[in-house]
Amino acid sequence: MPCALCAAETPLVSYDVTGAPDGQSPEVALCEICAAQVAGDLDPNHMRCLSSAMWSETPAVQVLAARLLARLADHDWARDLADQLWLEDEARAWVEAAPATSAHRDSNGAPLAQGDSVVLIKDLPVKGAGFTAKRGTAVRNISLVADNPEHIEGRVDGQRIVILTKFVKKK
């Protein structure tokens, strides 16, 4: 059985396409190269295989191809393919049900999301507030600073402060 994206005849791994509606199988068989790229950084040259994968009869493959084309939208060829792609309403809703990924990462590289709880890993002097946020302090219900992935906001000692993500660990 070939890879659902690049059609390579190599050992395959199962990949779950998130957000599947009831009755749809979210599993796609991918080669290790495609699976690694889907989970991380995409190689635009390798992902040119989406030009054929997007026409698959398997809804999960169509949805994955649409999501990958959206991630490659800074390339003209990917935008052209995305414009050509036609999906049923249910598949389109599945594409849009993708969880939002954030560029905000804690000191260990774990992704941070709106509302997460974090722990300070260093004593931080808070400018303008006159106190130091101590190491080990839990900050609950954080907010992500939209235009800067290195900053989050949280409440420490009753004060709303901006915290650098390199000084927190996800709880």
Q: Over all heavy atoms of both residues, which pair between Leu69 and Ala82 is shortest? Give the atoms and the distance, please.
A: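 Shortest heavy-atom contact: CD1-N, 4.0 Å.
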
Q: Of all the heavy-atom pairs spanning Ala97 and Gly19, show the shortest one and how long it is.
A: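 Heavy atoms of Ala97 and Gly19 come nearest at CB-O, 4.1 Å.
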
Once rounded to the nearest 0.5 Å, what's the spacing between atom [atom1] of [X] and atom [atom2] of [Y]?
| X | Y | atom1 | atom2 | value |
| --- | --- | --- | --- | --- |
| Leu124 | Lys134 | CG | NZ | 10.5 Å |
| Lys122 | Thr132 | NZ | OG1 | 11.5 Å |
| Gln37 | Glu32 | CD | CD | 12.5 Å |
| Ile121 | Asp106 | CD1 | CG | 8.0 Å |
| Trp77 | Leu72 | CH2 | CG | 5.0 Å |
| Thr165 | Lys170 | OG1 | NZ | 13.0 Å |

Q) Around Arg79, counting heavy atoms of other residues, nucleotides and ligands shown, do more than 12 lie under 6.0 Å from its CZ? A)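 Count over threshold, so yes.
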
Q. In terms of heavy-atom contacts, does CG of Asp41 have more than 12 from other residues, nucleotides or ligands at under 6.0 Å?
A.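 12 or below, so no.
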
Flag the pair [X] / [Y] as yes when at least one side-chain heavy-atom distance between them is below 4.5 Å, and no otherwise.
| X | Y | value |
| --- | --- | --- |
| His104 | Leu144 | yes |
| Leu12 | Leu30 | no |
| Ile142 | Gln114 | no |
| Val28 | Asp16 | no |
| Leu87 | Trp94 | no |
| Val139 | Val119 | no |
| Cys31 | Pro11 | no |

Can you hop from [X] to [Y] via hydrophobic side chains spaced under 4.5 Å?
| X | Y | value |
| --- | --- | --- |
| Val126 | Val145 | no |
| Ile33 | Val13 | no |
| Val156 | Phe167 | yes |
| Leu64 | Trp55 | yes |

Q: Write out all pairs satisfying side chain to side chain donor-acceptor pair (under 3.5 Å) with one or both partners inside residues 149-162, taking only residues at least two apart or from two chains.
A: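 Checked against side chain to side chain donor-acceptor pair (under 3.5 Å) - neighbours excluded - the pairs reaching residues 149-162 are Ser143-Arg160, Asn148-His151.
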
Q: Could you list all the side chain to side chain donor-acceptor pair (under 3.5 Å) pairs where at least one residue sits in residues 83-93, not counting sequence neighbours?
A: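 Output for this query lists Gln24-Glu90.
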
Q | Carboxylate-amine/guanidinium contact Lys171 Asp116, below 4.0 Å | A |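 No.
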
Q.
Is there a side-chain contact (heavy atoms from CB on, under 4.5 Å) between Val168 and Ile152? Walk through the geometry before answering.
A. CA-CA 10 Å; Val168 299; Ile152 59 172; 4.2 Å; yes

Q.
Could you go through Leu112 and Arg105, starting from their C-alpha distance and side-chain angles, then the distance that decides it, and tell me whether this counts as side-chain contact (heavy atoms from CB on, under 4.5 Å)?
A. CA-CA 5 Å; Leu112 296 173; Arg105 303 221 176 254; 5.8 Å; no

Q.
Has Ser56 got a side-chain atom pairing as donor or acceptor with Thr58's backbone, closer than 3.5 angstrom?
A.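 Here the side-chain-to-backbone pair exists.
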
(Q) Taking Gly154's backbone N and O only, do any of them form a donor-acceptor pair with Arg140's side chain (distance below 3.5 Å, no angle check)? (A)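 Flag not set: sc Arg140 to bb Gly154 has no pair under 3.5 Å.
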
**Q.** Stepwise side-chain contact (heavy atoms from CB on, under 4.5 Å) check, Leu81 with Leu85
**A.** CA-CA 6 Å; Leu81 289 176; Leu85 183 60; over 6 Å; no

Identify all side-chain donor-acceptor contacts of residues 43-53 below 3.5 Å with residues at least two apart in sequence or on another chain.
from	atom 1	to	atom 2	distance (Å)
Asp43	OD1	Asn45	N	3.2
Ser51	OG	Arg48	O	3.1
Ser52	OG	Cys49	O	3.2

Q.
As a quick check of understanding, evaluate side-chain contact (heavy atoms from CB on, under 4.5 Å) for Val118 and Lys169, giving each step before the final call.
A. CA-CA 5 Å; Val118 296; Lys169 177 176 71 172; over 6 Å; no

